[in-house]
Peer 1: 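Sharing a structure with you now.
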Amino acid sequence: MSAENLPWVEKYRPQCLDDVYGQTETVGTIRKFAKEGRIPHLLFYGPPGSGKTSTIIALAKELYGKNYKNMVLELNASDDRGIDVVRDQIKNFASTRQIFTTGFKLIILDEADAMTNVAQNALRRVIEKFTKNTRFCILANYSNKLNPALLSRCTRFRFAPLSNDAVRERVEYVAKMEHLHIEAEAKDTLVSLSHGDMRKALNVLQACQSALDNPGTDEIDSDMIYDCIGAPKPRSIETIFDAIVKNDWADAFSTMIKIRRVEGLALIDLINSFVDVLDKYELKPATKAKLLQGLADIEYGISKGGNDNIQSTAVIGCIKDALECEA
Ligand SMILES: Nc1ncnc2c1ncn2[C@@H]1O[C@H](COP(=O)(O)OP(=O)(O)OP(=O)(O)O)[C@@H](O)[C@H]1O
Ligand SMILES: [Mg+2]
């Protein structure tokens, strides 16, 4: 596939550690390990799109250069969860002798938190067995889903959600490379709605580009960002909020349903936005606390498959109720 057809997340995947934005401390420590030639088993954990896979691949590229293919084994634990498959692959890879190169081989075990507990248990033996000439790098979203015995064999690095500045900087770089025009406000919207997930930011940016009629000259505006992300526009949120505060139940309900239908919004999108905009309203702490607690309960209800109409009215009830505290 030519670079032109690649999704931007792949096209702009960091090629070296310098391309990894926003994880300065982690990258610094890893670089130091590499320089001293004493890389421990590594565990990277943190939310999606924060650069875990990118960082280890960038490190491996710096370490091995054109030997990458011989020296690095990338396994995706969620592809074939059975430990037998993983163990065989690891065994084959780790036990082939290196004739032309020296140093550790690297095994990247992506999405390890998707492995069963049994598999994780088996893995710790495998790690021990091959420590002589192999280093493992385990990648996961949640460290608490990993076996403690596995954790204790690795040096842990937490990948925090990227800062807005890091996302902005990368977005600006990609926009420049792609000759993309994006309004300043739209950039702010994109950065803040990405919530530190660079993959999301780049995917949305690319979706917006393909929605433009004349990508060379047209400008991406805020509304396009909201549409691509599927997040409610601030004025829609305001309209709904207003209706709930000022009008009766029936009217508030129909306003909410109407806007949701027009914009194709799920109730959960609305709740997320309510929580996001809450800071902009001057509310008593007690009101805010009540509101957040109520919305959190509804969010949980939705995740458990609660009825949409009932959960929608609950949102109205929760907001009306919390605002009683203000009066
Ligand atoms: N820190 C970063 N600096 C630059 N680009 C990044 C960074 N983090 C993510 N990206 C971009 O987002 C894409 C996805 O990142 P990556 O695969 O590293 O995320 P991840 O942390 O492994 O997420 P997941 O938990 O979903 O596997 C990369 O291809 C890259 O384009
Ligand atoms: Mg990853």
Side-chain angles (χ1 to χ4, degrees), residues 1-31 41-63 68 72-81 86 106-115 136-146 151 154-178 180 182 187 190-210 225 228-229:
M1 211 179 339
S2 82
E4 277 318 300
N5 299 327
L6 277 178
W8 289 354
V9 281
E10 289 311 325
K11 188 170 168 189
Y12 295 100
R13 189 182 278 285
Q15 294 301 308
C16 58
L17 288 174
D18 280 339
D19 290 346
V20 175
Y21 286 43
Q23 306 290 5
T24 343
E25 258 179 52
T26 303
V27 167
T29 313
I30 291 167
R31 192 172 258 140
H41 296 305
L42 298 166
L43 167 72
F44 295 170
Y45 68 100
S50 52
K52 300 179 294 298
T53 306
S54 301
T55 302
I56 191 62
I57 291 182
L59 173 72
K61 282 190 175 148
E62 287 191 5
L63 283 177
Y68 184 96
V72 182
L73 176 66
E74 290 175 50
L75 292 173
N76 197 312
S78 59
D79 276 348
D80 24 44
R81 294 181 192 202
V86 174
L106 179 69
I107 297 179
I108 302 172
L109 209 57
D110 213 337
E111 299 182 29
D113 43 2
M115 289 177 100
F136 284 78
C137 180
I138 297 177
L139 309 179
N141 289 128
Y142 305 100
S143 71
N144 58 359
K145 287 196 188 157
L146 293 171
L151 290 179
C154 303
T155 305
R156 268 176 260 182
F157 292 92
R158 181 177 133 74
F159 279 62
L162 293 167
S163 69
N164 283 354
D165 286 344
V167 176
R168 178 185 300 274
E169 210 182 322
R170 191 67 172 169
V171 161
E172 281 171 353
Y173 172 78
V174 171
K176 190 165 143 230
M177 298 301 285
E178 296 291 333
L180 204 59
I182 172 164
K187 209 187 297 166
L190 175 62
V191 168
S192 89
L193 288 182
S194 298
H195 294 291
D197 179 343
M198 190 81 88
R199 183 187 291 117
K200 187 166 175 185
L202 296 186
N203 278 335
V204 170
L205 194 64
Q206 189 169 21
C208 287
Q209 185 227 30
S210 50
I225 305 276
C228 281
I229 288 194

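For ligands, and for the atoms within them, numbers begin at 1 and follow the listed sequence.
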Peer 1: Starting from atom 6 (C) of ligand 1, locate the nearest protein heavy atom and write down its residue, its atom name and how far away it is, to 0.1 Å.
Peer 2: Met198 CG, 3.5 Å
Peer 1: Please say whether Thr53 places an N or O atom under 3.5 Å from an N or O atom belonging to ligand 1.
Peer 2: yes
Peer 1: Under 3.5 Å between some N or O of ligand 1 and some N or O of Trp8?
Peer 2: no
Peer 1: Go through ligand 1 atom by atom and flag the ones less than 4.0 Å from a non-hydrogen atom of Leu202.
Peer 2: 31 (O)
Peer 1: For the OH atom on Tyr68, are there more than 12 heavy atoms of other groups (residues, nucleotides or ligands in this structure) within a distance under 6.0 Å?
Peer 2: yes
Peer 1: Examine the proximity of ligand 1 to Thr55 and report which part, side chain or backbone, both or neither, has a heavy atom under 4.0 Å away.
Peer 2: neither
Peer 1: What protein heavy atom sits nearest atom 23 (O) of ligand 1, and how far off is it?
Peer 2: Gly49 N, 2.9 Å
Peer 1: Within a distance under 4.0 Å of any heavy atom of Leu162, pick out the atoms of ligand 1 and give their elements.
Peer 2: 1 (N), 8 (N)
Peer 1: Within the distance-only criterion (no hydrogens, no angle test), does the side chain of Arg170 pair as donor or acceptor with the backbone N or O of Ala201 below 3.5 angstrom?
Peer 2: no
Peer 1: Let me see the working for Glu178 and Gln206 under side-chain contact (heavy atoms from CB on, under 4.5 Å), right down to the final yes or no.
Peer 2: CA-CA 10 Å; Glu178 296 291 333; Gln206 189 169 21; over 6 Å; no
Peer 1: Do any N/O atoms on Glu10 end up under 3.5 angstrom from N/O atoms on ligand 1?
Peer 2: no
Peer 1: Quick check: does any side chain N or O of Asp113 sit under 3.5 Å from a backbone N or O of Asn141, one acting as donor and the other as acceptor?
Peer 2: yes
Peer 1: Within 2.8 Å of the Mg ion (ligand 2), is there any N, O or S atom belonging to Thr53?
Peer 2: yes
Peer 1: Look at atom 31 (O) of ligand 1 and say which protein heavy atom is nearest, naming residue and atom and giving the distance to 0.1 Å.
Peer 2: Val9 O, 2.9 Å
Peer 1: Phe157 vs Phe44 aromatic rings, parallel, tilted or perpendicular, using cut-offs 30° and 60°?
Peer 2: perpendicular
Peer 1: In a table with atom names and distances, give each donor-acceptor pair under 3.5 Å that connects a side chain of residues 48-60 to protein atoms at least two apart or in another chain.
Peer 2:
| residue | atom | partner | partner atom | Å |
| --- | --- | --- | --- | --- |
| Ser50 | OG | Pro47 | O | 2.7 |
| Lys52 | NZ | Gly46 | O | 3.0 |
| Lys52 | NZ | Pro47 | O | 2.8 |
| Thr53 | OG1 | Asp110 | OD2 | 3.1 |
| Ser54 | OG | Arg13 | NH1 | 3.1 |
| Thr55 | OG1 | Gly51 | O | 2.5 |

Peer 1: For atom 15 (O) of ligand 1, what is the closest protein heavy atom, and at what distance to 0.1 Å?
Peer 2: Ser54 OG, 3.6 Å
Peer 1: Heavy atoms only, cut-off 4.0 Å: how does Asn141 contact ligand 1, side chain, backbone, both, or neither?
Peer 2: side chain
Peer 1: side-chain contact (heavy atoms from CB on, under 4.5 Å), that's the test. Do Ile182 and Leu205 meet it? Break it down for me.
Peer 2: CA-CA 9 Å; Ile182 172 164; Leu205 194 64; 3.9 Å; yes
Peer 1: What is the closest protein heavy atom to atom 26 (O) of ligand 1, and at what distance does it sit?
Peer 2: Arg199 NH1, 2.9 Å
Peer 1: Within ligand 1, which atoms have a heavy atom of Asp19 less than 4.0 Å away?
Peer 2: 3 (N), 4 (C)
Peer 1: Number the atoms of ligand 1 from 1 as they appear, then name those within less than 4.0 Å of a heavy atom of Val20, with their elements.
Peer 2: 1 (N), 3 (N)
Peer 1: Does the residue Tyr12 have a heavy-atom contact with ligand 1, meaning some pair of atoms that are separated by less than 4.0 Å?
Peer 2: yes
Peer 1: Relative to the heavy atoms of Pro48, which atoms of ligand 1 are at a distance of less than 4.0 Å?
Peer 2: 23 (O), 24 (P), 25 (O), 26 (O)
Peer 1: Hey, is Gly22 one of the residues with a heavy atom under 4.0 angstrom from ligand 1?
Peer 2: no
Peer 1: Examine the proximity of ligand 1 to Pro14 and report which part, side chain or backbone, both or neither, has a heavy atom under 4.0 Å away.
Peer 2: side chain
Peer 1: How far is atom 3 (N) of ligand 1 from its nearest protein heavy atom, and which residue and atom name does that atom have?
Peer 2: Tyr21 N, 2.8 Å
